[in-house]
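Note that these values count all heavy atoms, side chains included, but never hydrogens, waters or copies made by symmetry. As the structure lists them, so they are numbered: ligands from 1, and atoms in each ligand from 1. Owing to the predicted nature of the structure, the values given are computational and were not obtained by experimental measurement.
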Amino acid sequence: MISIANYHDRTKHSLQRYARGPETLDWDDQPNPFRRFDGCEHVLLPKPGAEVGLSWKELLAVDCLSPAAVTIESLGLLLELTFGLAAWKQYGPDRWALRCNPSSGNLHPTEAYVVCTHADLLAAGVYHYISHDHLLEQRGLFQEFEQSGEVLIGLSSVHWREAWKYGERAFRYCQLDAGHALAALNYAASLLGWRIELLQQYTDGEIARLLGIDRTDEFVEKERESPDWICRICYRKDMDAHDHPALVAATNNMNWIGTAQSLGAYHMYDWPVIEEVAANALKLQHGDTGCSLSEQPTDALIASECTVPATKIIRQRRSAQHFNANSPAITQRQFFRILSALLAFNEPAFTSWPWSPAVHLCLFVHKVEGLPAGLYCLPRSEYGLQSLQESLNLGFGWEQVQSYGRLYKLYDGDMRRYAKTLSCHQAIASDGAFSLAMLAEFDRHIDATPWQYRRLFWECGVLGQVLYLEAETIGLRGTGIGCFFDDEVHEVLGLQDKSFQSLYHFTVGSSLEDSRIQTLPAYAHLDR
Ligand SMILES: Cc1cc2nc3c(=O)[nH]c(=O)nc-3n(C[C@H](O)[C@H](O)[C@H](O)COP(=O)(O)O)c2cc1C
């Protein structure tokens with residue numbers, strides 16, 4: 001069985017060769033991005049599109065909001081703003097849906113579940129969310145349970161959906177998507193005045209059991225789901241501690257309903273290494289709660305000034321396909337606000353994150369007013385600063401930026417050619433205001449606890465979601481970049497060992513829209 005370190009090395013792209021993936025794709029034969037179960041009763045959620053009278057900057061002041069009542073309306077809004085459709089796009093005969101959460105290649109490997117023991121909300125059981133129809137499928141009913149008033153959201157991934165296009169590297173992308181979804185859930189919950197608790201006490205086996213995804217006979221063999229994370233919705237300020245043993249015990253007496261429909265598409269290629277790494281990266285032990293990010297210093301924060309409704313920002317989030325290479329530079333305030341959002345451990349994206357920051361940024365700054373173009377570093381912790389100073393190229397200047405002390409200039413110069421080449425020759429990495437590489441403290445986490453490989457990617461996904469949304473708030477647009485030449489990035493940064501590895505890239509700039517592509521409303525097809 002492949003080790004995490006071997007999987008990681010084997011799935012690196014390089015200038016010489018890309019990681020193993022399909023040689024050909026039949027675009028008419030894509031896996032269905034919408035899973036449905038046969039035989040389940042449906043619970044229709046109220047028509048999507050509800051508004052909450054809160055601006056983005058008000059949303060960020062999480063503590064001031066009073067919690068909304070937990071009702072089918074508020075649960076529906078939470079699911080919509082996290083996993084729901086945001087628009088349809090049409091180009092000629094092709095039509096595709098976009099969602100509030102992004103996904104590498106728009107393949108959407110994730111599936112979302114609601115586990116409920118709050119009988120005023122739903123019959124106590126497990127429900128699968130279909131974003132296309134904005135409804136819940138009743139997958140399981142608890143037979144014996146305590147009315148504990150719990151509402152949990154669980155996430156899983158169908159790795160094959162992603163592997164269909166990206167081959168062996170797909171496992172990484174699934175984890176990044178799971179991180180994006182986690183941040184999206186936190187923002188949506190905050191909008192309702194709720195808090196999310198990432199339930200670390202569950203092993204992956206328990207998550208699988210609770211969501212019913214370990215019932216292998218009810219899934220097409222190659223289209224099974226792997227557990228990602230499970231979160232609890234704290235919809236009151238005074239909620240009791242979560243009774244993990246009771247809920248796990250309740251799964252012994254569950255009435256399961258339905259079987260997963262096939263996702264279609266011909267399985268032309270097999271990537272066995274994905275299921276091997278997935279097995280090796282399972283979380284087998286109950287987690288400790290570690291150090292809460294909210295205990296991290298949140299100095300040097302620049303507040304958001306965005307008065308646009310938060311629901312609008314969330315629903316309008318898109319990936320830029322192209323940037324205007326001739327757009328003016330962004331202001332320092334805009335740039336520093338985006339950076340400080342990545343350090344704002346008290347803002348919604350991070351309030352449920354139970355670990356110390358382990359991902360730091362190296363930025364290719366192209367166009368920021370009054371800031372020389374060059375390579376910069378934003379360590380997200382004191383430990384990160386010290387270890388990056390030891391690990392990166394010893395010739396780097398580490399000049400603290402006067403106007404934003406958390407940022408360091410490593411190297412002066414035009415980085416556009418590097419940025420583009422390193423991100424698989426994608427012009428989006430060079431034509432924007434800046435792009436960046438997310439450097440994860442690698443060996444330190446993977447050696448001790450292999451499953452943390454996944455959570456390092458989740459952390460990158462969380463940062464990516466912050467960047468996507470913050471870019472929208474200042475009239476810019478972002479794009480996640482999963483395709484980059486791993487070791488060439490490490491070489492440019494002078495990394496000699498695996499103390500850090502680049503796990504995700506991101507770019508922000510002034511988006512050029514393709515007028516040939518039509519945008520259609522998200523849910524015009526619903527007759528509710
Ligand atoms: C993990 C991840 C990796 C991505 N990698 C790339 C990339 O390398 N190049 C690119 O153009 N877009 C990339 N994207 C953007 C996706 O293609 C985009 O999210 C998807 O098409 C859905 O569109 P939307 O973000 O506008 O909803 C990535 C997105 C994610 C979440």
Counting only heavy atoms, tell me which of [options] gets closest to [atom].
atom: atom 12 (N) of ligand 1; options: Thr479, Ile428, Asn101, Leu85; value: Thr479
atom: atom 25 (O) of ligand 1; options: Ser319, Ala178, Cys424; value: Ser319
atom: atom 6 (C) of ligand 1; options: Cys460, Ala429, Gly480; value: Gly480

Which heavy atom of the protein is the closest neighbour of [atom], given with residue, atom name and distance?
atom: atom 17 (O) of ligand 1; answer: Gly105 N, 3.6 Å
atom: atom 23 (O) of ligand 1; answer: Leu98 CD2, 3.6 Å
atom: atom 20 (C) of ligand 1; answer: Ser103 O, 3.2 Å
atom: atom 2 (C) of ligand 1; answer: Tyr504 OH, 3.4 Å

Between [X] and ligand 1, which residue portion shows a heavy-atom distance shorter than 4.0 Å: side chain, backbone, both, or neither?
X: Ser423; value: neither
X: Leu176; value: side chain
X: Asn106; value: both

Per-atom contacts, ligand 1 versus [X] - under 4.0 Å to a heavy atom:
X: Gly482; result: 3 (C), 4 (C), 5 (N), 6 (C), 7 (C), 8 (O)
X: His180; result: 31 (C)
X: Ile481; result: 5 (N), 6 (C), 7 (C), 8 (O)
X: Asp177; result: 1 (C), 31 (C)
X: Gln426; result: 7 (C), 8 (O), 9 (N), 10 (C), 11 (O)
X: Cys483; result: 8 (O)

contact_flag Phe484 ligand 1 heavy-atom lt 4.0 Å: no
Sub-4.0 Å heavy-atom approach of Arg317 to ligand 1: yes
Within the 6.0 Å centroid threshold, strictly below: [X] and [Y]:
X: Tyr411; Y: Tyr418; answer: no
X: Trp353; Y: Trp229; answer: no
X: Phe171; Y: His8; answer: no
X: Phe345; Y: Phe350; answer: yes

Test item: side-chain donor near acceptor, Ser502 and His505, under 3.5 Å: yes
Distance-only side-chain donor-acceptor flag, Glu111 / His128, under 3.5 Å: yes
Residues which pass side chain to side chain contact (heavy atoms under 4.5 Å, CB included) with Arg224, listed by chain and number, not counting sequence neighbours: Thr216, Phe219, Glu221
Face-on cation placement of Lys283 at Trp451 ring, 6.0 Å and 45° thresholds: yes
Lys NZ or Arg CZ of Arg169 over Phe484 ring: under 6.0 Å, within 45°: yes
Ring geometry between Tyr269 and Trp271 (parallel below 30°, tilted from 30 to 60°, perpendicular above 60°): parallel
Sequence-distant partners of Asp26, salt bridge (charged side-chain N to carboxylate O under 4.0 Å, His left out), two or more places apart: none
